[in-house]
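First listed ligand is number 1; within each ligand, the first listed atom is number 1.
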Amino acid sequence: MEQSAWSRQPLKLSANRVWRTYTGGRLIEEWQGQERGQDSMLPEEWIASVVRARNAGREHLVEGLSTVELSDGRKALLQDLIQSEPAKFLGEQHAAAFGGEPGVLVKALDSAERLTIQVHPDRAAAKSIFGSPFGKTEAWYILGGREIDGEAPYILYGFKPGMTRERWEKLFWDQDIPGMMEALHKIPVEPGQVFIVEGGMPHAIGSGCFLIEIQEPTDYTIRVERTTPAGREIPEFMCHQGAGFEKMFDCFKYNTYTLEEVLTNYRLEPKVLHHSDGYTERALITYGTTAYFALSAINIRSGSYRFVEEDRFSILIAAAGSGRLAWEEGELEIRQGDQIFVPASVTSLSCSATPGEPLQLLQCLPPDARA
Ligand SMILES: O=P(O)(O)OC[C@H]1O[C@@H](O)[C@@H](O)[C@@H](O)[C@@H]1O
């Protein structure tokens with residue numbers, strides 16, 4: 001089949017687990033249908049990824065890039081398919097603005113331990129420090145979680161009033177980890193909640209969080225803990241990503257917030273766009289919040305949900321249930337844990353749920369090409 005034919009059908013993505021500095025992943029495996037999942041150093045699944053992971057000591061591995069399972073049984077790198085015809089896979093307008101770069105990365109993430117306190121650059125810092133057009137603003141949609149050592153899922157987010165660059169630098173040089181944790185708000189999280197984490201905002205995903213993350217397509221993580229909660233050493237490169245310690249502190253924004261301000265400004269309120277017996281559609285993140293990506297949730301109970309035809313690609317995740325995707329040229333069964341790249345040239349796409357098994361779909365959208 002010629003390459004462009006693949007741009008007219010939804011493409012099922014293979015599992016694509018990535019090494020991180022923390023353990024987890026059991027809930028991802030169980031969500032994807034394994035009877036007994038296991039925690040390991042592969043706590044993240046990168047979805048529709050054309051981004052290589054930056055893991056010191058693992059540079060010899062090509063880690064992070066997504067593979068597509070083609071309907072003729074072959075496999076291909078998503079990146080290669082897109083590069084063959086960016087406008088057909090990504091959309092005319094998108095390709096005009098971003099070339100062959102999807103501009104968005106999605107992940108499933110399950111933390112068996114707290115992640116280290118970190119920050120990601122915003123676009124300005126990413127450009128000046130790393131020469132990258134993208135920073136790493138991200139957002140989390142909480143899918144579930146578990147108690148770890150008696151503690152319910154939580155996140156650490158935003159500087160409390162009183163923090164300054166000077167104080168933050170001192171906490172780092174002293175490696176005063178309890179002091180660093182105390183400097184951030186600790187917030188319990190629940191399924192269905194959405195948080196946006198802009199570049200520059202200090203944070204750490206706590207233990208026991210199972211979430212879907214949507215983010216700008218880079219792996220620039222600035223870590224301020226030299227030792228992880230489990231006692232693993234973080235090499236210098238994994239702290240400042242090669243930028244040096246001075247620039248590492250430039251990536252933080254030293255604004256401070258009350259807990260109330262964090263919850264009001266950065267925990268997003270889903271908005272119901274449609275509700276009927278057949279389905280409910282909710283906007284979780286809109287271009288009004290960020291031009292970098294958008295996310296919606298579609299819960300299908302009966303009948304068929306028809307996707308609006310637009311000249312852009314999307315990434316679908318079956319968060320729960322099972323069903324069937326249908327388009328002009330074919331059909332595909334989907335079930336919980338499946339991840340699908342829907343090229344821009346797919347036409348007449350609709351989705352239905354298996355009777356008695358409502359389907360929850362997450363639809364991840366690329367940057368606003370008009371912004
Ligand atoms: O620093 P580690 O523990 O490896 O975690 C890095 C992870 O952090 C999370 O907050 C997200 O930004 C993920 O996209 C990222 O992969």
Side-chain angles (χ1 to χ4, degrees), residues 16-25 28 39-58 61 63-66 104-122 125-126 132 134-143 145 148 153-158 177 180-181 184 187 189 194-242 248 251-252 266 290 292-293 295 364:
N16 182 29
R17 299 284 289 277
V18 172
W19 189 94
R20 298 280 85 173
T21 65
Y22 65 98
T23 53
I28 297 177
D39 286 320
S40 69
M41 296 303 291
L42 304 172
E44 296 184 5
E45 169 99 308
W46 288 20
I47 300 172
S49 169
V50 301
V51 176
R52 268 186 79 166
R54 293 167 66 88
N55 285 326
R58 293 171 68 86
L61 303 168
E63 200 170 11
L65 300 182
S66 285
V104 66
L105 172 60
V106 180
K107 299 176 178 176
L109 183 160
D110 169 46
S111 57
E113 62 177 299
R114 177 178 69 75
L115 278 66
T116 54
I117 294 173
Q118 54 189 254
V119 77
H120 308 292
D122 67 5
S132 161
F134 295 104
K136 190 172 172 319
T137 284
E138 63 192 35
W140 307 323
Y141 173 68
I142 312 293
L143 264 190
I148 303 275
Y154 69 94
I155 56 172
L156 300 178
Y157 190 111
I177 293 174
M180 291 190 224
M181 289 176 68
L184 305 183
I187 304 172
V189 295
V194 187
F195 291 85
I196 180 141
V197 189
E198 289 167 351
M201 181 70 81
H203 63 274
I205 292 173
S207 51
C209 293
F210 176 35
L211 54 86
I212 297 293
E213 179 174 73
I214 181 165
Q215 55 159 96
E216 292 186 86
T218 74
D219 196 25
Y220 296 121
T221 297
I222 303 289
R223 303 169 177 90
V224 287
E225 292 177 55
R226 304 296 307 261
T227 315
T228 70
R232 262 169 245 110
E233 245 181 72
I234 301 281
E236 191 176 313
F237 179 86
M238 296 289 271
C239 288
H240 56 55
Q241 294 289 333
M248 159 172 130
C251 287
F252 287 88
Y266 302 108
T290 174
Y292 299 164
F293 42 73
L295 180 65
C364 310

Proximal atoms of ligand 1 relative to Lys136 (non-hydrogen, under 4.0 Å) | 11 (C), 12 (O), 13 (C), 14 (O)

Partner of Arg20 under side chain to side chain donor-acceptor pair (under 3.5 Å), chosen from Thr116, Asn55, Thr221 = Asn55

Ranked by distance from atom 2 (P) of ligand 1, the top protein heavy atom is Thr21 OG1, 3.2 Å

heavy-atom search around atom 13 (C) of ligand 1 in the protein gives Glu213 OE1, 3.3 Å

contact_flag His203 ligand 1 heavy-atom lt 4.0 Å = yes

What atoms in ligand 1 come closer than 4.0 Å to a heavy atom of Gln215?
-> 14 (O)

Less than 3.5 Å between some nitrogen or oxygen of Arg20 and one of ligand 1, yes or no?
-> yes

Identify the protein heavy atom lying closest to atom 8 (O) of ligand 1, giving its residue, its atom name and the separation to 0.1 Å.
-> Gln118 OE1, 2.9 Å

Any idea which atoms of ligand 1 are less than 4.0 Å away from a heavy-atom of Lys107?
-> 13 (C), 14 (O), 15 (C), 16 (O)

State whether Glu44 and Lys107 are salt-bridged, where the test is any N-O pair (Lys NZ or Arg NE/NH1/NH2 against Asp/Glu carboxylate O) under 4.0 Å.
-> yes

Taking 4.0 angstrom as the limit, do Glu225 and Arg223 come out as a salt bridge?
-> no

Polar side-chain atom of Thr228 near backbone of Arg232 as donor-acceptor pair, under 3.5 Å = yes

Got Phe237 and Arg54 here, is their nearest side-chain heavy-atom distance under 4.5 Å?
-> yes

A student checking ligand 1 against Tyr22 at a 4.0 Å heavy-atom cut-off should list atoms 2 (P), 3 (O), 5 (O)

Tell me which protein heavy atom sits closest to atom 7 (C) of ligand 1, plus the residue, atom name and distance to 0.1 Å.
-> Glu44 OE2, 3.3 Å

Would you mind reporting whether Leu211 and Glu213 have side-chain heavy atoms less than 4.5 Å apart?
-> yes

For the residue pair Tyr292 and Glu198, confirm or rule out a side-chain donor-acceptor distance under 3.5 Å.
-> no

Glu63 bridged to Arg58 by N-O distance under 4.0 Å | yes

Which residue owns the protein heavy atom closest to atom 1 (O) of ligand 1, what's the atom, and how far is it?
-> Arg223 NE, 2.5 Å

For His203, the option from Trp140, Phe195, Tyr266 that meets side chain to side chain contact (heavy atoms under 4.5 Å, CB included) = Trp140

Looking at Leu115, which atoms of ligand 1 are within less than 4.0 Å of one of its heavy atoms?
-> 3 (O), 5 (O), 7 (C), 8 (O), 9 (C), 10 (O)

Ile205 heavy atoms within 4.0 Å reach ligand 1 at atoms 9 (C), 10 (O)

